[in-house]
Amino acid sequence: MSEQEISQFERQRQEKLSAIKELGIDPYGGRYEGSEAAFDVKGRFKEDDQTQRAKSAGRIVLLRDIGKLIFITLRDWSGTIQVGLSKSLLSGQWGLVKLIELGDIIGAAGQLGKTKTGEITIWADEVTILSKSLMQPPEKFHGLADVDMRYRQRYVDLWANPEVMPLFKKRSDIVACIREFLRGRGFMEVETPMMQSIAGGAAAKPFITHHNSLDMDLYLRIAPELFLKRLLVGGMEKVFEINRNFRNEGLSRRHNPEFTMMELYQAYGDYNVMMDLTEELISFLAGKFCENNQVQFDDMKIDFGRPWRRAKYSELLKEYSGCDINDIVAIRKKAKELGIDEMGMDDAVVINEVFEATVEDNLINPTFVMDYPAAICPLTKRKKSDPNYAERFEMYIAKMELANAYTELNDPAVQEENFHHQLRGQHDTMAKMDEDFITALKYGMPPAGGLGIGIDRLIMVLTGATSIRDVVLFPLLKNVVRE
RNA sequence: GGGAGUGUAGCUCAGUCGGUAGAGCAACGCACUUUUAAUGCGUAGGUCUUGGGUUCGAAUCCCAACACUCUCACCA
């Protein structure tokens, strides 16, 4: 279909638009003051008070025309409210009233009352058209079901499917609570570069862009870690950042190429401090946003009740794969059984492959996995008691990695060595040495605990949404090729 | 990138053995001042994702492309 060609529906709506203009009315409205959220109007309604008035604005999502009386359901960001348009109350405006239709945005004011059937209703004595809709809205009962269209036209999805707006409101509330919680504990929010000349702090393929006047290639950041640690060097003691990371990798139910990460650093702390903080923060959120501290997620019932399990990496490996972490022969045998191509992989990588293949699917309730093999943790301080292991934990919920934390490595010599050391079998390693970060460490970084929490995934487990695309307003999609 | 599935009216979906397409909602017309997915009667609406092929004949069978979903791979 060519773009010039407009549908019969759009043509019909254009005619109504013209008819509204002919009445001398601007079909696109303007400032509209004094309107109240539908939710609030319903909340303050009193049974036998005849003097109540209300004024609301929103989109018409249902319309029942009974001749000289029209019932309309208006939806705004807070919910819906019924408006009754009666010819006897609106005789002067009846010409306009008969021209409005599903999808239009209107304002209405009048006495607040109830209908015979008990529905709280604004009996309008004044109606204002605020925006004429030229497009046909989706089916009123099923809404917009086509997932592709829901993501491409989120601006329709948000009002056509009633559960969508509350979900994104909840996301906003959760993020606000995280900020409130952290600020309450003395953390300072900062913003560090999203465009970096060296994409460091994680092992992932970056997106590349170019700055013209500096004639310089830049990477969209894969993590803020190395910049936040520079702030520790600078003397900030408790910092956090909530912002986007970008990773040039595959998409899935759990992966969007741009995703929101909360990273925080606390000077003089360690990974045990981070563990307590993680448990307290997420428990606080679960208590606030989840009924009975539980969430149904797919076929899993997640229980956020404390205390959360804290188990060693080696312990979980033993529990679910049957292998002792020190018995590399048995682990390689297990890897073969699992179909992992372990030839040419370093031991630590094979162990981690087996771990991921056997353990992850069992981690449903919040679980801290502690003490990772040091070889796969280049930014982490090793355990004093056993330098083969690093003071790192990952926290899992519903088989997903939600958080990752370290006792941060602050020895510049060890850090430099780790940057140089490449593990065979790992596709991406720290691509380029960040010399300036090493310089920063040489000035002295206080010992610290650091934590990263994947915000999108956290929203998923707190709301029961099983696809990251349901908690991201505009997830990345392929372009539709237009002829 | 691999595998499986899906793509039909503006939307939600049927479509049997291969015989040129159906419903509900929305739209248009008429009626209706207490509806709740309002109702009743009537009208109109389709390049069956796109391009090839098989066939007398394709929404239906085959091939390819495109998009989406699930899944695997990738993903400290």
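Just the heavy atoms: all of them, side chains too, but no hydrogens, waters or symmetry mates, feed the values below. Just so we're on the same page: letters track the sequence lines, and every chain starts at 1.
Here the side chain of A:Lys116 is nearest to one of B:U34, B:U69, B:U33, namely B:U34. Nearest nucleotide to the side chain of A:Lys478, out of B:A67, B:U34, B:C74: B:A67. Comparing B:A37, B:U69, B:G10 by their closest approach to the side chain of A:Phe141 singles out B:A37.
Using a 4.0 Å heavy-atom criterion, one finds that A:Gly84 contacts no nucleic acid atom at all. Looking at heavy-atom distances under 4.0 Å, A:Thr73 makes no contact with the nucleic acid at all. Note on A:Leu62: only backbone sugar-phosphate atoms sit closer than 4.0 angstrom, heavy atoms only; bases stay farther off. A:Asn352 comes within contact range of no nucleotide atom at all, as no heavy-atom separation falls under 4.0 Å. Looking at heavy-atom distances under 4.0 Å, A:Gln8 makes contact with sugar-phosphate atoms alone, never a base. Heavy atoms of A:Ile66 sit under 4.0 angstrom from at least one base atom. In this structure, A:Met149 reaches the sugar-phosphate backbone alone: every heavy-atom distance under 4.0 Å involves primed, P, OP1 or OP2 atoms, never a base. Residue-level contact check: A:Arg392 touches the backbone only, with heavy atoms under 4.0 Å from sugar-phosphate atoms and none from bases.
Here A:Arg44 pairs with A:Glu36 in a salt bridge; the nearest charged N to carboxylate O distance falls below 4.0 Å. Electrostatic pairing of A:Glu15 and A:Arg11 does not count as a salt bridge here, judged by no charged N lying under 4.0 Å from a carboxylate O.
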What verdict does the salt bridge (Lys or Arg N to Asp or Glu O under 4.0 Å) test give for A:Lys132 and A:Glu101, after you've listed the backbone C-alpha separation in whole Å, the side-chain angles of each residue and the deciding distance to 0.1 Å?
CA-CA 9 Å; A:Lys132 182 83 195 86; A:Glu101 58 192 325; 2.8 Å; yes

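Rounded to an integer number of Å, the gap from A:Phe207 CZ to B:C75 P is 15 Å. In this entry the distance linking CD of A:Gln153 with P of B:U12 reads 11 Å, nearest Å. At whole-Å resolution of the value, NZ in A:Lys16 and P in B:A26 are 13 Å apart. Between A:Lys399 atom NZ and B:U71 atom P there is a gap of 11 Å when expressed in whole angstrom units. In this structure, CD of A:Glu249 is placed 7 Å from C1' of B:C74, rounded to the nearest angstrom. Distance, A:Arg152 CZ to B:G7 C1': 13 Å, rounded to whole Å.
Residue A:Lys87 places no side-chain N or O under 4.0 Å from the OP1 or OP2 atom of B:U34. The phosphate of B:A37 has neither OP1 nor OP2 within less than 4.0 Å of any side-chain N or O from A:Lys140. Look at A:Arg64 and you'll find a side-chain N or O under 4.0 angstrom from OP1 or OP2 of B:A38. Distances shown here put a side-chain N or O of A:Arg253 below 4.0 Å from the OP1 or OP2 atom of B:U71.
Taking the C1' atom of each, B:G10 and B:G46 are spaced 12 Å apart, rounded to whole Å. The gap from the C1' atom of B:G29 to that of B:C70 amounts to 46 Å, rounded to the nearest Å.
Residue-to-nucleotide proximity on RNA chain B shows that, of A:Leu144 and A:Glu101, the 5′-proximal contact is made by A:Leu144. The residue among A:Leu102 and A:Tyr406 whose nearest nucleotide of RNA chain B lies closer to the 5′ end is A:Leu102.
Taking the six-membered ring where tryptophan is involved, the planes of A:Phe368 and A:Phe393 are perpendicular, since the angle between them exceeds 60° and thus also 30°. Using the six-membered ring where Trp is involved, A:Tyr313 and A:Tyr372 have ring planes that are tilted, between 30° and 60° apart.
For the side-chain contact (heavy atoms from CB on, under 4.5 Å) with A:Thr260, the lone residue among A:Val471, A:Asp456, A:Leu458 that qualifies is A:Asp456.
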